[in-house]
Participant: 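Sharing a structure with you now.
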Amino acid sequence: MKILVTGGAGFIASQITDAYIAAGHQVVVVDNLSTGRRENLNPDAVFYEMDIQDPRLIEVFQRHEIEIVNHHAAQMDVRRSVEDPIYDARNNVLGFLNILQACARTGVKRVIFSSSGGAIYGEQDYFPADEGHKTQPCSPYGITKLVGEKYLFFYSQNYGIEHTILRYANVYGPRQNPHGEAGVVAIFCSRLLAGEEPVINGTGEQTRDFVFVGDVVAANLLALGLKGNDTFNIGTARESTINEVYRILNQLIGSNKPEKHGPGKEGEQFRSVIDPTHALKVMGWKPRFSLDTGLRETVDFFRKAKA
Ligand SMILES: NC(=O)c1ccc[n+]([C@@H]2O[C@H](COP(=O)([O-])OP(=O)(O)OC[C@H]3O[C@@H](n4cnc5c(N)ncnc54)[C@H](O)[C@@H]3O)[C@@H](O)[C@H]2O)c1
């Protein structure tokens, strides 16, 4: 199939691109390299350095006769979205609308959308949250992801474009950017490997559902074979505290650094964990990597990258 992957120079979508190409698909990547990196690009993908808000985006769809869009390009830093919600909305709402308009005008059949199970449920009423949990995002980033889901509904009703919404938990693994504000595993890994003491925001007793990037890639492969519209949580149903992740990494790296805590951050919920049962039932997806195995792979990657 001819697939357009947006954000394909980034952490998650570059690995989806690799898997799609390995499965025999033709992939076109659009990325403005704002956080993505050239070295993540698959050499067999056609690459356009372009913003998803660019009006010329439709020409890429026409030139390559795109059949499926896998949309991962986004401003994905929760704290930045709180500080600059207009920048966040330009990328995540207007950018996505530009893509959907191009889909409608060129006859794209399906869109796979990376939403956020961490951000759109907000402070949860029950644990783990299934897809029916009410959505009450507590950050502009979470709001834009929810808006994206609503637009997909509109485009399926009005233009017959089918969609799969994948609501990820906290994704971690090789290629995650350790220099931003988001991505606690990558930040801890690179700082501990550099002999520094990372700061844990707040008490560190806040919880997250950590899902390994290899499992997220597997969900994106399975999503290619789906029909109709559906929404899936892609998480592990296992809650881990930030302190727990810190301790495992400290041990794997052999760094023995004491826990150093700083102030908590705005716009972030205290507990977050999602239920992936629906993904198992409908597409046979379940997480294969335990937290220990995934963190081990991640540490190996950052060790090699540093060497
Ligand atoms: N990492 C997570 O834990 C997580 C959780 C839930 C959802 N997601 C979603 O998955 C997607 C990928 O996240 P990631 O962690 O790989 O982040 P990332 O920053 O590594 O990837 C995003 C990519 O999109 C590109 N990009 C950003 N804005 C763009 C624009 N306006 N035009 C063109 N390209 C643009 C960046 O250069 C980058 O390559 C995002 O949509 C994010 O919201 C991530």
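Numbers for residues simply follow the sequence, beginning at 1. All of these numbers come straight from a predicted model, not from anything done at the bench. As the structure lists them, so they are numbered: ligands from 1, and atoms in each ligand from 1.
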Participant: Among all protein non-hydrogen atoms, which one is nearest to atom 19 (O) of ligand 1, and what is the separation to 0.1 Å?
Facilitator: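 Of the protein heavy atoms, Thr35 OG1, 2.6 Å lies nearest.
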Participant: Near Gly10, which atoms of ligand 1 are under 4.0 Å from a heavy atom of that residue?
Facilitator: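 So the answer, numbered in order with elements, is 20 (O), 21 (O), 38 (C), 39 (O).
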Participant: Which part of Ala119 is near ligand 1, with near meaning a heavy atom under 4.0 Å away: side chain, backbone, both or neither?
Facilitator: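 For Ala119, there is no contact with ligand 1 at all, from either part.
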Participant: For atom 7 (C) of ligand 1, find the nearest protein heavy atom and state the residue, atom name and distance (0.1 Å precision).
Facilitator: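 Minimum-distance protein heavy atom for atom 7 (C) of ligand 1 reads Ser115 O, 3.3 Å.
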Participant: Tell me, which protein residue and heavy-atom name are nearest atom 5 (C) of ligand 1, and how many Å apart are they?
Facilitator: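 Result: Ala169 O, 3.4 Å.
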Participant: Mind checking whether Asn177 has a heavy atom under 4.0 Å from ligand 1?
Facilitator: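 Checking ligand 1 against Asn177, which is what was asked, there is no heavy-atom contact under 4.0 Å.
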Participant: What is the closest protein heavy atom to atom 44 (C) of ligand 1, and at what distance does it sit?
Facilitator: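 Here the closest protein heavy atom is Ile12 CD1, 3.7 Å.
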Participant: Numbering the atoms of ligand 1 from 1, which are under 4.0 Å from a heavy atom of Ala74?
Facilitator: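 Once the distances to Ala74 are compared, the set is 24 (O), 27 (C), 28 (N), 40 (C), 41 (O).
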Participant: May I ask you to identify, for Tyr141, whether its side chain, its backbone, both or neither come under 4.0 Å of ligand 1 on a heavy-atom basis?
Facilitator: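 Side chain only.
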Participant: Enumerate the atoms of ligand 1 whose separation from the nearest heavy atom of Asn91 is less than 4.0 angstrom.
Facilitator: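 That gives atoms 28 (N), 30 (C), 31 (N) of ligand 1.
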Participant: May I have the step-by-step check of salt bridge (charged side-chain N to carboxylate O under 4.0 Å, His left out) for Glu196 and Lys257, ending in yes or no?
Facilitator: CA-CA 8 Å; Glu196 296 164 10; Lys257 295 282 179 203; over 6 Å; no
Participant: Are any of the side-chain heavy atoms of His133 and Asp275 separated by less than 4.5 Å?
Facilitator: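 No, side chains not in contact.
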Participant: Only heavy atoms of Ala9, strictly under 4.0 Å: list the atoms of ligand 1 that pass.
Facilitator: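 Every atom of ligand 1 under 4.0 Å from some heavy atom of Ala9: 39 (O).
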Participant: Suppose I only count heavy atoms of Gly36 and a 4.0 Å limit; which atoms of ligand 1 are within that range?
Facilitator: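 Reading through ligand 1 atom by atom, the close ones are 36 (C), 37 (O), 38 (C), 39 (O).
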Participant: Regarding Asp18 and Asn42, is there a side-chain donor-to-acceptor distance under 3.5 Å anywhere?
Facilitator: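 Short answer, yes.
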Participant: Got the closest protein heavy atom to atom 3 (O) of ligand 1, with its distance?
Facilitator: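 That would be Val171 N, 2.8 Å.
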Participant: Check for me whether Met50 has a heavy atom closer than 4.0 Å to any atom of ligand 1.
Facilitator: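 Yes.
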Participant: Are Arg247 and Glu259 packed together at the side-chain level, in the sense that at least one heavy-atom pair is separated by less than 4.5 angstrom?
Facilitator: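 Yes, their side chains come closer than 4.5 Å.
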Participant: What orientation do Tyr159 and Phe154 show, parallel under 30°, tilted 30 to 60°, or perpendicular over 60°?
Facilitator: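 It falls in the perpendicular class, over 60°.
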Participant: Consider only side-chain N and O atoms of Ser115 and Glu149, and report whether a donor and an acceptor are under 3.5 Å apart.
Facilitator: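 Yes.
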Participant: Can a non-hydrogen atom of Ser34 be found less than 4.0 Å from any atom of ligand 1?
Facilitator: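 Yes, that is the case, since the closest heavy atom of the residue is under 4.0 Å from the ligand.
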Participant: Do side-chain atoms of Asp31 reach the backbone of Ala9 as a donor and acceptor pair under 3.5 angstrom?
Facilitator: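 Checked: pair present.
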Participant: Could you tell me the residue and atom name of the protein heavy atom closest to atom 11 (C) of ligand 1, and the distance to it rounded to 0.1 Å?
Facilitator: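 Minimum-distance protein heavy atom for atom 11 (C) of ligand 1 reads His72 O, 3.1 Å.
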Participant: So is Lys145 in contact with ligand 1, going by heavy-atom distances below 4.0 Å?
Facilitator: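 True for this residue.
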Participant: Which of the atoms of ligand 1 are close to Ala73, meaning less than 4.0 Å from one of its heavy atoms?
Facilitator: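 It comes down to these atoms of ligand 1: 24 (O), 26 (N), 34 (N), 35 (C).
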Participant: Any idea which protein heavy atom is nearest atom 1 (N) of ligand 1, and the distance to it?
Facilitator: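 The answer is Met76 CE, 3.6 Å.
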Participant: Looking only at non-hydrogen atoms, find the nearest pair between Leu41 and Gly8 and report the distance.
Facilitator: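 Reported closest heavy-atom pair: CD2-O, 4.1 Å.
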Participant: Report the part of Leu33 (side chain from C-beta onward, or backbone N, CA, C, O) that has a heavy atom under 4.0 Å from ligand 1; answer both or neither where that applies.
Facilitator: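 Near ligand 1, Leu33 shows its backbone, while the atoms from C-beta on stay back.
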Participant: Would you call the rings of Tyr151 and Tyr155 parallel, tilted or perpendicular if under 30° counts as parallel and over 60° as perpendicular?
Facilitator: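 The rings of Tyr151 and Tyr155 sit tilted, inter-plane angle from 30° to 60°.
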Participant: Below 4.0 angstrom from a heavy atom of Asn170, which ligand 1 atoms are there? Numbered from 1 as shown, please.
Facilitator: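 Counting from 1, the qualifying ligand atoms are 3 (O).
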Participant: Yes or no on salt bridge (charged side-chain N to carboxylate O under 4.0 Å, His left out) for Glu239 and Arg271, after CA distance, side-chain angles and deciding distance?
Facilitator: CA-CA 8 Å; Glu239 226 173 331; Arg271 285 179 70 190; 2.6 Å; yes
Participant: Given side chains that start at C-beta, do those of Arg191 and Val199 come closer than 4.5 Å, heavy atoms only?
Facilitator: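 Heavy-atom side-chain distance check fails, nothing below 4.5 Å.
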Participant: Quick check: does any side chain N or O of Asp88 sit under 3.5 Å from a backbone N or O of Asp84, one acting as donor and the other as acceptor?
Facilitator: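 No, the answer is negative, given that no donor and acceptor are paired below the 3.5 Å cut-off.
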Participant: Which is it for Asn32 and ligand 1 at heavy atoms under 4.0 Å: side chain, backbone, both or neither?
Facilitator: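 Within the 4.0 Å criterion, Asn32 contacts ligand 1 through backbone and side-chain atoms alike.
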Participant: So is there a nitrogen or oxygen of Gln75 less than 3.5 Å from a nitrogen or oxygen in ligand 1?
Facilitator: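 No; the residue has no nitrogen or oxygen that sits under 3.5 Å from a nitrogen or oxygen of the ligand.
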Participant: Considering the options Val282, Thr164, Ile165, which one meets the side chain to side chain contact (heavy atoms under 4.5 Å, CB included) requirement together with Asp230?
Facilitator: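 Considering Val282, Thr164, Ile165, a side chain to side chain contact (heavy atoms under 4.5 Å, CB included) with Asp230 is found only for Val282.
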Participant: Please check: side-chain N/O of Asn250 versus main-chain N/O of Asn256, any donor-acceptor pairing under 3.5 Å?
Facilitator: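 Yes; at least one donor-acceptor contact below 3.5 Å.
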Participant: Give the residue, atom name and distance (to 0.1 Å) of the protein heavy atom nearest atom 37 (O) of ligand 1.
Facilitator: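 Here the nearest protein heavy atom works out to Asp31 OD1, 2.7 Å.
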